[in-house]
Trainee: 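Let me give you the structure first, and then I'll get to my questions.
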Amino acid sequence: MVRFEAVGLRYPGTGPHRGDWGEEALADVTFALPPGSFTWLLGPSGAGKSSVLRLMHLALRPTRGEVEVLGLRTARAPRAALPPIRRRIGVVFQDFRLLPYLSVFDNVALPLRLAGRPEASLKADVTEMLRWVGLQAKALALPPELSGGEQQRVAIARAVIHRPDLLLADEPTGNLDSRQARRLLALLREMNRLGTTVVVATHDDELVARFPAPSLLLHEGRLHDPDNARGPFAAEDDGLAEA
Amino acid sequence: MPRRSRYSRDPLGLRRALSGWLLPGLVAAMALLAALAVAGAQGAAGLADRWQRGAAAAVTVQLPDAARVEPALAALRAMEEVAEAEAIDAARLDALLRPWLGAAPAIPLPALIELRLRDPRADPVLVGDRLAAVVPGAVVEAHGLWVRRLAALARSLQALAWVVLALVAAVAAAVVAVATRAGLAARRDAIEVLHGLGARDADIAGRFARRLGLLAALGAAGGTAAAVPMLALLADLAAPWVGGEAARGLSALPWPALLAVPPFAFLVGWATAQATVRRWLRQLP
Ligand SMILES: Nc1ncnc2c1ncn2[C@@H]1O[C@H](COP(=O)(O)OP(=O)(O)OP(=O)(O)O)[C@@H](O)[C@H]1O
Ligand SMILES: [Mg+2]
């Protein structure tokens with residue numbers, strides 16, 4: 001499903017040394033997530049959680065090693081091979097990334113329309129999804145007219161509407177109160193129960209405690225795996241204190 | 001409250017990002033130039049063609065009076081370089097000269113014979129000398145030289161028109177490229193979102209290309225329409241040289257070429273936008 005093999009990642013440098021490559025944001029990250037699993041992605045700020053998720057939804061390619069997502073080895077795959085894989089992945093971004101000039105309905109319908117679903121069959125699905133996240137009444141509103149939590153629910157609806165095989169969420173509870181955060185988690189668990197592989201990056205310890213599941217712990221771009229729970233590929237580590 | 005764009009037609013909000021009259025206006029100005037160039041090229045081609053066809057028959061023999069026509073014809077038909085010799089009858093001559101001399105000319109008109117030489121490159125002066133020996137007073141007038149010069153001029157005008165057309169197309173492509181970049185900058189976030197959701201480069205480039213092709217075609221239609229009255233006026237002025245009344249006004253315009261200007265502008269806009277957007281998209285993984 002998702003497999004990282006000795007992955008290294010550098011971002012292109014900016015500032016005075018434009019064109020140089022920066023420090024490695026990820027180094028020697030190795031793990032594999034089985035299909036249908038639920039995984040927490042944990043670590044302090046700047047540890048590289050978002051970077052790992054970006055590699056998973058093909059917004060980046062590794063500078064070193066191999067990332068395999070849904071059967072595609074992305075490191076050297078031709079560019080044209082990526083879009084079909086992206087369409088099987090749902091992503092909830094911390095900053096939502098909704099299109100501000102499209103209605104809530106059209107934002108949620110985006111993945112279905114990109115997949116070429118006919119308009120007639122799509123209306124019922126989108127309406128049902130909006131009902132599920134409790135935004136039925138706001139279907140025709142524009143995202144800037146919504147509250148932060150409402151926008152987040154639109155982002156979630158857009159991420160799951162096409163029943164992705166892989167669902168990624170980056171700090172999905174950042175803008176939610178704890179009741180809404182629990183509701184969101186229930187939703188992610190439901191998707192997981194229906195067979196979707198889910199990865200959630202967070203530093204909300206309370207949430208993790210509420211739903212214990214296997215976790216990947218990152219620290220300064222390296223995988224911290226004290227139990228060696230991820231099998232023989234796991235990174236050998238230098239015994240970091242828990243983050 | 002801002003108007004909601006309907007997704008299925010405009011998921012990137014390009015109607016708003018690529019709007020305004022600047023692009024269509026610029027393309028309209030260029031389409032006007034293109035229409036003038038096309039019409040100029042066609043007009044010059046017509047003139048060159050006509051004059052050159054005329055040049056083969058453009059040897060005229062002038063006789064001081066009608067009595068000498070028959071001996072002159074006999075002498076000319078006997079010469080082997082002459083393919084054809086025909087007297088121009090008085091009525092036709094009258095009609096030809098009426099615009100200059102009025103309905104009832106007071107001066108005696110000369111008699112004319114039109115010659116067609118077997119070999120258009122043969123020197124008509126030699127023919128004239130031999131004819132003058134038999135029929136005194138016969139004068140041969142060869143129009144070949146100035147016709148050739150005019151034809152050369154017309155051909156250069158035609159070549160110039162094609163150069164203008166190529167330049168206009170290149171400038172139009174540059175204008176579209178600039179507009180496309182502005183649109184890409186304005187919709188960068190939206191493009192990244194669609195790209196992240198799995199839109200293919202062709203999806204995104206196609207949206208831009210259709211929009212910019214449409215804007216270019218609209219501008220071109222306006223510019224061409226504005227050119228029509230000017231061209232009609234020019235056609236009127238050119239009519240005496242190109243074939244009289246039939247070539248007057250709107251009917252004389254090169255309609256197929258003019259009608260081709262907007263679709264051509266669409267193609268230029270479409271192709272330029274495709275290339276620009278696809279190149280820009282390659283910076284995304
Ligand atoms: N676009 C970028 N350009 C350059 N460096 C980046 C970029 N994004 C992240 N980095 C660097 O990569 C490292 C990991 O960043 P990342 O965003 O993955 O951390 P994170 O674990 O998601 O942190 P947070 O919890 O604060 O979101 C950081 O050192 C950061 O400076
Ligand atoms: Mg992050």
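Chain letters run A, B, ... following the sequence lines, proteins first and then strands; every chain starts at 1. Predicted, not measured: the structure shown is a model, and the values here were computed from it. The figures that follow rest on heavy atoms only: side chains count, while hydrogens, waters and symmetry mates do not.
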Trainee: Closest approach of A:L58 and B:P285, non-hydrogen atoms and distance?
Mentor: O-CG, 3.9 Å
Trainee: Within the side chain of A:R86, is there an N or O that forms a donor-acceptor pair under 3.5 Å with the backbone of B:G196?
Mentor: no
Trainee: Under 4.5 Å, counting heavy-atom pairs only, tell me which of A:L98, A:N107, A:L99 racks up the most with chain B.
Mentor: A:L99
Trainee: Please confirm whether B:R15 makes a cation-pi placement over A:Y101, using NZ or CZ under 6.0 Å from the six-membered ring centre and within 45° of the ring normal.
Mentor: no
Trainee: How close do A:R79 and B:H195 get, counting heavy atoms only, and between which atoms?
Mentor: NH2-CE1, 3.8 Å
Trainee: Which side-chain N or O atoms in residues 168-182 of chain B pair as donor and acceptor under 3.5 Å with protein atoms at least two apart or in another chain?
Mentor:
unit_1, atom_1, unit_2, atom_2, d
B:T180, OG1, B:V176, O, 2.7

Trainee: Could you tell me which portion of A:R97 (side chain, backbone, both or neither) has an atom closer than 4.5 angstrom to a non-hydrogen atom of chain B?
Mentor: both
Trainee: Quick check: are there more than 12 heavy atoms from other residues, nucleotides or ligands sitting under 6.0 Å from CZ of A:F105?
Mentor: yes
Trainee: Between B:I191 and chain A, with a heavy-atom cut-off of 4.5 Å, which part of the residue counts as in contact: side chain, backbone, both or neither?
Mentor: neither
Trainee: Looking at B:D189, B:V193, B:L284, B:D203, which has the largest count of heavy-atom pairs under 4.5 Å with chain A?
Mentor: B:V193
Trainee: Can you give me the closest heavy-atom contact between A:P83 and B:R200, atom names plus distance?
Mentor: CB-CG, 3.9 Å
Trainee: List the atom pairs, with distances to 0.1 Å, where a side-chain N or O of residues 270-277 of chain B and a protein N or O form a donor-acceptor pair under 3.5 Å, not counting sequence neighbours.
Mentor:
unit_1, atom_1, unit_2, atom_2, d
B:T272, OG1, B:V268, O, 2.6
B:Q274, OE1, B:R278, NE, 2.8
B:Q274, OE1, B:R278, NH2, 3.4
B:T276, OG1, B:T272, O, 2.6

Trainee: At a 4.5 Å cut-off on heavy atoms, which part of A:L60 comes close to chain B: side chain, backbone, both, or neither?
Mentor: backbone
Trainee: Please classify the contact of A:R88 with chain B as side chain, backbone, both or neither, using a heavy-atom distance under 4.5 Å.
Mentor: neither
